Amino acid sequence: MSEEKSLNFIEEIIENDLKSGKYETLVTRFPPEPNGYLHIGHAKAICLNFGLTQKYGGYTNLRFDDTNPVTEKTEYVNSQQEDIQWLGFQWKNELYASDYFDQLYSYAVQLIEKGLAYVDESTAEEIAAQKGTPTEPGTPNQYRERSIEENLELFTKMKNGEFEDGACILRAKIDMASTNMLMRDPIIYRIKHAHHHRTGDAWCIYPMYDFAHGQSDSIENITHSICTLEYVSHRELYDWFIAQLGIFPSKQYEFARLNLTYTVMSKRKLLQLVNEGHVSGWDDPRMPTVSGLRRRGYTPESIREFCERIGIAKRENLIELSLLEFCIREDLNKKATRAMAVLDPIKLVITNYEGDGEILIGENNPEAEDKGGTREIPFSKELWIEREDFMEEPAKKWFRLAPGATVRLKFAYIVKCESFVKDADGNVTEVHCTYIPESKSGSDTSGIHVKGTIHWVSTAHAKTAEVRQYDRLFSVVSPDAEEGDFKDYLNPNSKEVLSKVYIEPALAEATLGTGYQFIRKGYFCLDKDSTADHLVFNRVVSLKDGWKG
RNA sequence: UGUCCGAUAGUAUAAGGGUAGUACGACAGUUUUUGGUACUGUUUGUCUUGGUUCGAAUCCAGGUCGGACAACCA
C-alpha cells in the first residue's frame, strides 16, 4: 500500500483485484474511434490506461473501435498513433474491432440460436416509437417472435447483401420494458453497404458499439475496461452480452471526462471549427487537440503532468485553463533557452556609447541544472526595446524607463533616460539614454542598484521574425453551457500576428520542437510554417506578470 | 412522471467512523541583473434535513441541485 500518495478509485479497485488474486496481470486498452484527432480529453484517458499498467505491470492495447465505416479513415488511425507515441506511451498490441468481425458475427449467430436475437424489419421510426420513453415501457412487435430458423436465414441474407441499407436490423431480445432504455432490445447489427477502411467491401453488415466493445475487450482479456461516465448505462448491456456468450468477463469502470475552461472538447464541435474555417486545422495552436497543443509548444511531459494533477474521479468537472498553463510554464522554465526578442519596438540610443563590435555573454538558462551554457549577444549604440518599457509619465512603483529613470539592460549596462522623441502623432519613437561604463553585467563596480531590468536587441544585429500570439479560443468559460450556438462565443482576438519582431541573432538558429523563453515575455516555439528566411514563432504561454500597473 | 450516476475552499482532488489536508488560483512578503523562477505566509470548504454513534465529509433515510439515458453514432 502506498502511503505517499492517495489512490484514485480505479487504482483502489485494481489493487484490490490484484491483491485478492482475481487477476494476475492487469490488461487495459485505449479504444478510440478513428474518426477524428485526439484531444486533451483523450490524453487523460491515455495517461490513465497506460499509466495504470506502467504502475501495476501488465500491458495496454491500442484498439481502434472501427465499427462504423462511414466515419472512419486511415488518416485518423495514423494521427492517433502519432499522438499517443508523442505523449510517450507505447501499446502492446495494435488491434481493431474490425479484426473481430468474423468472431462477432458468430457471436450474433449464437445469440440467435439461443433465441436471444431477432431480425426486425421495422423502419427506424417504428423502432423508435416502439421503444417507449424513459417513463413508459416499450412495446414488442411481431418480428420479436420469429422462429430461430427464420432469424438465422434472414441474418445470413443480411450478411450476404440481399437487403438494402435500413431494410432490417438484428436486435438482441432482452426486455422491452426495462427501465434502462438500452436494454429494450438494442440493435446489434445494421446493414451498411459502405467501404470500410480496413475490411474493404468484405462486409455489408456492421456491429453496433454495444455489440463490439465488450466482446472485443473480452477477446483481448482486458481486465479493466475504463471509459467515461456517459457509458454507465451501457454497462448493464456490456455485462449481459458477456454473460449470454459465456466469454471472458471484462469489467467496465467509468470516470468523469475532462472539461476545460474556454474551450470545447467534443469531436463534433472541433470538426465544425475546422470545417468552417474558424481555425486553420486540427493542429491549429488554439485547438485542444494533442496535435494543436504540440504545435502550440506544449511538451509531452507538461501534458502528462497536467493529467496527473487533474485526478480521476466520478464527478463532473471543469478544469481551469490556468492549470494547463502552469504545467507548461513549470516544464519550460527548466528547459527553455532564454533569448531576447522585442515584440513592439521603439529605439533606444545610448548617446555616450562609442563602442564598436562589443560582444556580451549571456547565460542560456539560469534555472537549468547546467545553466544551459552561454551565448554571444552583440551590443551597440542603438537598440530596440519594448514600447511598454518606457512611460513618459511613470506610474507609481514603475521600475522601467521614464525620463530621468535608470534601468539595467539585461546582460549589459545600466542606462539613464535623458530624453525622448515623439512623432507627429505623439507616439514615442526614440528614447535617448546615457550609460554607465563601469556597470557592465558581471563586472559591475558602479555601486548603483536599479529596480528594473529590460530586454533589448541591437538594431544593427537584429534578425526579424513573425510572432503569433494566441489567447483562449472562446471568450466564455464554458461555451457548451451558453445559450445558442457555441460558435457565437468564439474569442475574436484569439490570434494576434506580429509580422515584424526583432530577435537576437542566436534565435535565428531556433529549431522545431524546442521551447524558448523570450525573456520577460513568455515561452515561444518555432512554428512549422517557418522557413530559413521567414521565421515564425508561436507563443506557447506568457510569463506570469507580476506588474499590476 | 422513471432509472442510473454524482455533490468537500474560486477550480480540481484527498481524508473510507476519530485533527478536514494537498495542488492550482488569488493576496502579501523575502530573494533575484527576467515585475519570471525559488522560498515564506495569508485566504476561503464538507448541498440540506433528520437518524445511528461517545464521535459522521464518511453509515442510513428523505429532500435539493447537477449530469446521463428514448442515434440503424461511438
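It should be emphasised that the depicted structure is a prediction, and the values quoted were computed from it without experimental measurement. Lettering follows sequence order; numbering is per chain, from 1. Computed over heavy atoms, backbone and side chain alike; hydrogens, waters and symmetry mates excluded.
Taking the side chain of A:Arg400 as heavy atoms from C-beta on, and the options B:G35, B:U33, B:A12, the nearest nucleotide is B:G35. Side-chain atoms of A:Tyr209 lie closest to B:A74 of the nucleotides B:A74, B:C24, B:U13. Each of B:G2, B:U13, B:C24 was ranked by its minimum atom distance to the side chain of A:Phe326; first place goes to B:C24.
Counting non-hydrogen atoms under 4.0 angstrom, A:Lys451 reaches nothing in the nucleic acid. Heavy atoms of A:Asp545 sit under 4.0 angstrom from primed sugar atoms or phosphate atoms, though from no base atom. Within the 4.0 angstrom heavy-atom criterion, base atoms lie near A:Glu367. Using a 4.0 Å heavy-atom cutoff across all strands shown, A:Thr261 reaches no nucleic acid atom at all. At the heavy-atom level, A:Ala313 lies under 4.0 Å from the strands shown only through sugar-phosphate atoms.
Shown here, B:C69 forms a base pair with B:G2; the pair counts as Watson-Crick or G-U wobble because both key distances fall under 3.5 Å.
For the P atoms, the distance linking B:G17 with B:A70 amounts to 37 Å, nearest Å. Here the separation of B:A12 from B:G6, taken at their C1' atoms, is 15 Å to the nearest Å.
Listed pair A:Lys544 / B:G25 meets the phosphate criterion, a side-chain N or O lying under 4.0 Å from OP1 or OP2. Dashed line: the shortest gap from a side-chain N or O of A:Arg315 to OP1 or OP2 of B:U8 is under 4.0 Å.
The nearest pair of heavy atoms linking A:Leu318 to A:Leu260 is CD1-C, 3.8 Å.
Aromatic rings from A:Phe518 and A:Phe524 are positioned such that their centres are separated by under 6.0 Å. Ring pair A:Tyr96/A:Phe64: centre-to-centre distance below 6.0 Å.
Taking only distance into account, the side chain of A:Gln517 never meets the base of B:G36 through a donor-acceptor pair shorter than 3.5 Å. For a distance-only test at 3.5 Å, the side chain of A:His234 fails to qualify as a donor-acceptor partner of the base of B:A68. A donor and an acceptor atom never sit less than 3.5 Å apart when one is taken from the side chain of A:Thr453 and the other from the base of B:U34. Evaluation of atom-type donor-acceptor distances gives no pair under 3.5 Å for the side chain of A:Tyr231 against the base of B:A68.
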